[in-house]
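Remarks on the structure that follows.
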Protein chains: 2
Amino acid sequence: MTARNKKLTVADVARAAKVSKATAARVLGGYGVTSERTREAVLQAAQDLGYRPNELARSVSTGRSGLIGVVVGDIENAFFARAVRGISDTARAAGLNVIISNSGEDLAQERALVSVLLRQQVQGLIVAPTDDGDVAHLAEAMASGTPVVTIDRWVEGLGADGICGDDRAATAALVAQMQALGHRRIAYVTAIRTPQPRLQSLAQVRIAAVRERIAGFLSAAPAGQDWHERVHTNATGAAAIDAIVARLLSETPGVTAILASDSLVGAEVFRALSARGIALPAQMSLVAWFDADWSRVTVPAVTVVDQPTHRFGALAAERIIARIGGETGPARHQRIETPLIRRGSLGPAPGD
Amino acid sequence: MTARNKKLTVADVARAAKVSKATAARVLGGYGVTSERTREAVLQAAQDLGYRPNELARSVSTGRSGLIGVVVGDIENAFFARAVRGISDTARAAGLNVIISNSGEDLAQERALVSVLLRQQVQGLIVAPTDDGDVAHLAEAMASGTPVVTIDRWVEGLGADGICGDDRAATAALVAQMQALGHRRIAYVTAIRTPQPRLQSLAQVRIAAVRERIAGFLSAAPAGQDWHERVHTNATGAAAIDAIVARLLSETPGVTAILASDSLVGAEVFRALSARGIALPAQMSLVAWFDADWSRVTVPAVTVVDQPTHRFGALAAERIIARIGGETGPARHQRIETPLIRRGSLGPAPGD
DNA sequence: TTGTATGCGTTATCAG
DNA sequence: CTGATAACGCATACAA
């Protein structure tokens, strides 16, 4: 308990307890065997001095750091924040510590972060890869013996376990439901960056979760209709989204419903619609991914595709823990159901 | 570049480059001096083998981990998420890595996390202490040579640098402004947990930021009026907040404005008001702390006390970096201005 | 400029 | 059950 300024080592405790370094290390490290008497003496000494084990030295010695690394696109996004929470909760329960970092959805940054984490000797990596066409850094991590789990985003061929939503099926079902409500022209709005403002081809989408959603969206298109032109990209920031909404509203025949690919896009679309005096759902329906706080606060509340994100994180942590524990076998792809939460923003198409 | 399965060490690189371990270590570690020729040979060998330095071993050797630890109340709260982002951004720029953890606003958990972080040899700690009456663990960290910076929450007497808002002054000014708008009965709603549903005394509030806000709130009370009864506590979760709003609405004479102590409380209060058909600001005004996403999405948009949270984080990181760099001197208390962003939810009191 | 030898704080092996 | 002593991977004082 005594405050001190120099770091104490097992040697110091050993000296105080009048035992050898090895014995002190045994009781402090909780391994090997010692008599009850010496055990107590050592613990007492450690207590008195205020000894605190050096985990780094322990890691170097054992080769196990007890660390797992996490790379997300944006910790400020509630989706990732909650996922991180899920990861942390189950990792900590398993005695693992977590290092979190932010790629900002930038590939170069992601590479750099993975490298840093590997140098920190993380025993496993949970990543939301920003570009599933360029995952050499992840493959290399796996090749060098550090297991990788992707979260929210499955990467075909990488061989890493992945936790993600049932994006394609859920979207197809959602669009079918919307068509039953009379919606014939639906727009999809996403933050994915492309050269043109509309999607040219699915291959432009390097994030599987979004690609699958769009695939589900396109699969619902009636024969002969090209829905690609209904997929609006580059929806990053208020100005861009406002412009997209403006474009949408001036189309003829009019779009009657909007799908927002994440909760940030959803919020801005809602705002742009409100600002223009568009009534939801009378004039326009809106559905967004992720049940963010704001979705239930607006009037009307917003229909969302609920992603059980905390569970995404928990499952990802479970997977990485299993792999760290030596589990072998082919990559496991876990698809989590993402049920629709129906709220006021989704209604019948106008005039239907 | 070659994939391998065993971890490589300087020794391996040295062997491949046909130099001594020390020489290899020098060029790989970027210290000491070497000839250009051997330098290139070593780098080439490292490249070929796919060598990756072990930062933990380096840390043990140098005594510097390059890590700073962060303990926040809730990473899912946008306030903390953004603060963490600010911390990470400037820490990384200074070559430091960040370990983030969640106390869940639980003191025991906070203590445990601080302990874990210290064992991980973090060189500094940035903490949002959940109880400023019990900071022995932080004092101990400082005493043992690990500097501490508190964020959002100043702790008197701890001796740690602190970054926080100008809570008291900003609140007093805000309340004055509201009084000028005719509001005579204002309620303050906070998630702070107390035995009773109303605040009995300021000392019950163990988080300085909130205490200061309430102090500012109370200081605006006209002589003879006890505003304590207007401070509603335990506002955690939708049900509790709904009950508080219900109580508020049934008071006579009626409350005409509500202050929500954080953005989660604010969102739920807004929702509870909407659900009851209360018109903002015609029947009730609302002001919340933190400019969360949802604040600009509602109709009307919500007036907020803007906390430049990314800057909170950046400044906290700067402080901890300075202290790690050896800066001495008394604890620095930096108060950041938190300007009001006036939006539709704040209007004149009804009938004024 | 390079190599040798030792230390960092821990674990872990091996006698005693 | 305990105590020397050698790792772990890297840094560093000192010698060559």
Side-chain angles (χ1 to χ4, degrees), chain A residues 4 6-43 45-46 49-67 95 118-123 144-146, chain B residues 4 6-43 45-46 49-67 116 118-123 144-146:
Chain A
R4 69 262 105 85
K6 238 189 65 55
K7 308 288 182 188
L8 295 165
T9 75
V10 281
D12 298 309
V13 176
R15 201 172 309 121
K18 297 190 208 306
V19 296
S20 77
K21 218 174 69 174
T23 302
R26 269 190 282 259
V27 3
L28 294 174
Y31 59 91
V33 273
T34 49
S35 76
E36 191 54 30
R37 269 193 61 238
T38 57
R39 194 184 128 72
E40 276 168 16
V42 170
L43 288 179
L49 295 173
Y51 168 76
R52 195 177 285 120
N54 182 331
E55 283 298 335
L56 299 191
R58 180 172 290 174
S59 300
V60 171
S61 190
T62 61
R64 280 168 284 114
S65 66
L67 258 34
L118 288 173
R119 288 205 284 263
Q120 296 285 344
Q121 308 301 112
V122 295
Q123 293 187 249
S144 71
T146 306
Chain B
R4 69 260 104 89
K6 240 191 64 52
K7 307 289 182 188
L8 296 164
T9 74
V10 281
D12 298 309
V13 177
R15 202 170 310 120
K18 299 190 206 308
V19 297
S20 77
K21 224 173 62 171
T23 305
R26 270 190 280 260
V27 4
L28 293 173
Y31 56 92
V33 274
T34 50
S35 76
E36 190 56 28
R37 268 192 62 238
T38 58
R39 192 184 130 72
E40 276 169 15
V42 170
L43 289 178
L49 295 174
Y51 168 75
R52 196 177 284 120
N54 182 331
E55 283 298 334
L56 300 191
R58 179 171 292 171
S59 300
V60 170
S61 191
T62 61
R64 280 167 283 115
S65 66
L67 258 32
V116 167
L118 288 174
R119 287 206 284 263
Q120 296 284 346
Q121 309 299 112
V122 295
Q123 293 187 249
S144 72
T146 306

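Labels below follow one simple rule: chain letters A, B, ... track the order of the sequence lines, proteins then strands, and each chain is numbered from 1. The analysis underlying the following values was restricted to heavy atoms, covering all of them including side chains, and did not include hydrogens, waters or symmetry mates.
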For B:A41, enumerate each residue passing the side chain to side chain contact (heavy atoms under 4.5 Å, CB included) test, keeping only those at least two apart in sequence or located in another chain. none
Keeping to residues at least two apart or across chains, list the side-chain hydrogen bond (donor to acceptor under 3.5 Å, both in side chains) pairs with something in residues 28-41 of chain A. A:S35-A:T38
At their closest point, which heavy atom of B:R26 faces which heavy atom of B:G32, and how far apart are they? CD-CA, 4.1 Å
Pull out every residue in residues 33-42 of chain B that has a heavy atom closer than 4.0 Å to any atom of DNA chain D, ordered by number, or say none. none
Those residues that, when tested against A:T9, pass side chain to side chain donor-acceptor pair (under 3.5 Å) (two or more places apart): A:D12
Would you list the protein and nucleotides 9-13 of chain D atom pairs, both N or O, that sit under 3.5 Å from each other?
from, atom 1, to, atom 2, distance (Å)
D:dC10, OP1, B:Y51, OH, 2.6
D:dC10, OP1, B:N54, N, 3.1
D:dC10, OP2, B:V10, N, 2.7
D:dC10, O2, B:S61, OG, 3.1
D:dA11, OP1, B:R58, NE, 2.4
D:dA11, OP1, B:R58, NH2, 3.4
D:dA11, O4', B:S61, OG, 2.5

Find the bend of the helix from C:dT1-D:dA16 to C:dG16-D:dC1 as the angle between its two terminal axes (five pairs each), to the nearest 10°. 40°
Heavy-atom pair with the smallest gap, counting every atom of B:R52 and A:S144: NH1-OG, 3.9 Å
Identify, with sequence neighbours excluded, every residue that meets side chain to side chain donor-acceptor pair (under 3.5 Å) alongside A:R58. A:E55
Shortest non-hydrogen contact from B:K7 toward A:T146: NZ-OG1, 3.7 Å
Apply side chain to side chain contact (heavy atoms under 4.5 Å, CB included) to A:V13 and list each qualifying residue two or more places apart in sequence or on a separate chain. A:L28, A:V42, A:A45, A:A46, A:L49, A:Y51
Reading DNA chain C in the 5' to 3' direction, which nucleotide is the first one with an atom under 4.0 Å from a heavy atom of chain B, and which is the last? C:dT1 to C:dC8
Using side chain to side chain contact (heavy atoms under 4.5 Å, CB included) as the criterion, list what pairs up with B:S59, not counting sequence neighbours. A:L56, B:S65
Mind checking what makes side chain to side chain donor-acceptor pair (under 3.5 Å) contact with A:T62, not counting sequence neighbours? none
Within-4.5 Å side-chain heavy-atom neighbours: B:N54 and A:Q121: yes
Could you pull out all residues at least two apart from B:T23 that satisfy side chain to side chain donor-acceptor pair (under 3.5 Å)? B:S20
